[in-house]
Amino acid sequence: MKRILVVDDFAGVRLFHASLLKGVGYETEMASSGEEAFRVLQRGGFDLMVLDLIMPGMSGLEVLKRVRSHRLLERLPVIVITSESDAVPPGDPLTVALVKPVLPKQLIASVKEFLTERKAHAGA
Amino acid sequence: MPVLEQARKVCDRLLRRVWRRRAEMLAQEGPSVQELRAALLEFGQQSDREFTAIAKGASALLQKMRKVAEQTTLLDAIMQDKDERRTMSRAYGVYKYSVDLVHASMGVALADHEKLESIEGKLIEACRARQDLTQFSTLFRILTVETRMEAARLNAESRGVFETVAHAIDAMGKSISDTATAALGRIELVVEETRKERAQLQAHQLSLHGEAQKSVMRIRNELDSLREALAPCTARSQSVLQAIESLKQATSQAVMALQGQDIVRQQLEHVSEGFGDIERLAQDPALRSQAARVQLGQLNAARSRIEGSSVSLASALAQILETGDQLAREFSQMEEEAGSALGQCRLAQLFKDETEKLALIADQSEKSNRRISELVIRVDEVIESFSKQVSDQQFGVKIVALNAQIAAARLTEAGGLNRLAQETSHVSDQVGVMTQAMTDRLVEAVTMLRAIKEEADNFQKVIVRDKHGLEEQSSEVNTMLAEFLVRIQNDATQVSREFASMQAEVRLVSEQFSLESQVAGCFDPCIAFCEKEAGESPADPSVAATKYDIQGGRYTMQSEVEVHQQAIGAVGQPTQSAASADKDIELF
């Protein structure tokens, strides 16, 4: 079963995303801060991360930078959830930005698309 | 040589008489040396008072300017989000909080609606399976007819039992069918009713969420507008700080002018002492003239220094006042811009609107949850009743079938009836399996409903808590912005007023500052006296110098000059006039 890390400082959003993805058959884990997220990711075993961009302390952007420069995490697909449409630097094929409010179907579709593509690439 | 000695003594006596007479004549002709000395000291003190008054005024004005700069820095810190409480960040934080709350709330509502729709579909589907029960109803009817037909071949005595059995099978079959139709039909109705209500609720919730989302966008736009409106204040703040920074030179100039005045005061004290010596040197004309020449040099130097210091101080003060005017303008503009931006800011109202909308959304979510609860309860009731009834009816059929089997076993020609009885029992078992399957599906759907309800309740708690969090945070930010506005309206305005008042006072003092007439009144007669005394006897550097060397240690300005140089060096570069104080000032 695919494992997804849900990162958001806002409890309601965190619960919502995790519950939604669990409901369609994914295993989820939650982190409430950038620092916690990076710590959890280093344990390994995640197929995708759903990441809030603006968080106190270590921001989502900082987490993204660290992930992309980490030898074991650089290929991790990331779905960034943000209220700022231009906050994510373009050009990263493994990062997709969704602008709040994100409809449940949108999030599920993005996750499925990412994980299906990865499966296809892995198969190839 | 007694004659020559006698002649020299007579000449000395004559000369002394001449100088005494001359001094008397001098005393009659102009101010006395005592008066001149007093004038020199008085000038020193008067210039001290004048310069000190200017210095105090300038210093007070600079203090006020620093207060203005403090206010500027404070306002700018808030605009640049560098204040202690990070007001702008907090405001944007509340906006983000609102975004998250609407996103989570809307997402949960949509997800729940989808799940509910799916479960409603399952319930409807389960209910429609009652169509399959009609085949059993038909089967029971066939069995009834066949039983009657078989019973017709029996004798009247034996027929009766089987007629009863046939009737019972028929009745039971109809009853099972009716029960299922009624129960499942009721569930269908309930689900349809709930579906309609849910659709209305969903439409209403979507509308509320849409409104909430628009509110959030308005908050963002308002924040951006506020930031934009406050942006020019940063440039003004920089301008104020630069203006104050630029006063360093003027301040340094003023300090050096004050130092210059102090040197002159001390210089004149020494000149006054020198005048005293001139007075005492009546018997030695050459020395007296030399002394007068020295004092003349000092007087001219002192005059030049005091005039230079006056001009320098006036110029420094003029620059300070001009900078003060510029500062007042910039600060006033800044106050106005910030006050206007904050006064027109609708953030407080927008945050309030947003929390009200979210409260409505929370109410709707609460209603939705209650609907789910009601649906669960009603469906549960029907399932319980249906499954019990069917189970009882099924049991009843089985008993009838069993009785028929027993009766058939007693009759040798009732083989067919026995088979029918077995068939009836079998059909009854199948009805049992089917209704159990139906019930299981219904129960499964209800279990899913309960799970949704539980999850929705948890979400509701989190969202209500977050909503309260938003209310608190937005209230805090509104208070901070309101305090900021009050600070501008009260503190900044007061500082501005006090500064303007101080500026006016110092301007008045500056306009009244003029030592010209005093310089002329003091120095002119002293210089005239010295020039006259100096002209009485030609300079005899060798004779006078030898005698002066003995006096050379007196009235030197060395220590005073060193002290002033140190003070000037601490403020800025020494001026030319100060540099000329490096040399010992020889008084006589």
Side-chain angles (χ1 to χ4, degrees), chain A residues 4 6-26 28 30-34 37 50-63 79-88 96-112, chain B residues 86 89-90 92-119 206 209-217 219-220 223-224 358 361-362 365 448 451-452 454-470 473:
Chain A
I4 300 175
V6 174
V7 186
D8 203 299
D9 61 310
F10 196 80
V13 170
R14 210 159 60 231
L15 259 166
F16 160 51
H17 288 164
S19 160
L20 188 68
L21 294 171
K22 220 184 282 186
V24 291
Y26 298 108
T28 60
M30 295 189 281
S32 61
S33 68
V50 175
L51 174 68
D52 183 25
L53 206 64
I54 300 183
M55 293 187 287
M58 193 192 289
S59 70
L61 212 51
E62 181 60 34
V63 172
I79 295 177
V80 168
I81 312 280
T82 176
S83 47
E84 312 294 322
S85 57
D86 57 354
V88 178
V96 148
L98 298 177
V99 181
K100 287 176 192 169
V102 179
L103 299 178
K105 282 178 186 168
Q106 263 182 295
L107 179 59
I108 293 168
S110 289
V111 167
K112 281 184 175 165
Chain B
R86 305 287 305 276
S89 279
R90 293 292 300 278
Y92 274 93
V94 174
Y95 151 73
K96 201 243 169 189
Y97 202 110
S98 308
V99 166
D100 284 342
L101 200 48
V102 170
H103 166 65
S105 169
M106 189 159 91
V108 164
L110 282 170
D112 281 352
H113 279 298
E114 279 171 21
K115 284 179 204 166
L116 285 170
E117 213 170 54
S118 161
I119 292 167
L206 277 172
H209 278 119
E211 285 301 315
Q213 181 60 21
K214 281 182 198 163
S215 253
V216 165
M217 293 315 299
I219 289 171
R220 176 54 193 258
L223 276 168
D224 287 348
L358 289 166
I361 289 170
S365 300
M448 284 165 76
I452 290 173
E454 202 179 305
E455 200 180 60
D457 281 344
N458 288 338
F459 270 123
Q460 181 74 355
K461 280 180 199 151
V462 169
I463 283 175
V464 165
R465 189 194 64 206
D466 288 341
K467 186 180 75 68
H468 288 313
L470 177 66
Q473 286 194 29

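Naming convention: chains lettered A, B, ... in sequence-line order (proteins, then strands); numbering from 1 in each chain.
- Listed here is the closest heavy atom pair of Gly12(A) and Ala104(B): C-CB, 3.7 Å.
- When every heavy atom of Asp9(A) is checked against every heavy atom of Lys96(B), the shortest pair comes out as OD1-NZ, 3.0 Å.
- Only the side chain of Tyr95(B) comes within less than 4.5 Å of a heavy atom in chain A; its backbone stays farther off.
- Taking CZ from Phe16(A) and NE2 from His103(B), the interatomic distance works out to 5.5 Å, rounded to the nearest 0.5 Å.
- Residues of residues 454-463 of chain B lying under 4.5 angstrom from chain A, judged on non-hydrogen atoms, are Glu455(B), Phe459(B), Val462(B) in numerical order.
- With a 4.5 angstrom heavy-atom cutoff, Pro101(A) touches chain B via backbone and side-chain atoms both.
- When Met106(B), Arg465(B), Gln213(B) are compared by the number of non-hydrogen pairs under 4.5 Å with chain A, Gln213(B) comes out ahead.
- Both the backbone and the side chain of Val108(B) come within less than 4.5 Å of a heavy atom of chain A.
- With a threshold of 4.5 angstrom between heavy atoms, Leu20(A) approaches chain B through side-chain atoms but not through N, CA, C or O.
- Lys22(A) meets the side-chain contact (heavy atoms from CB on, under 4.5 Å) test with Thr28(A); sequence neighbours excluded.
- Residues Ala111(B) and Pro104(A) approach most closely at N-CG, 3.9 Å, considering heavy atoms.
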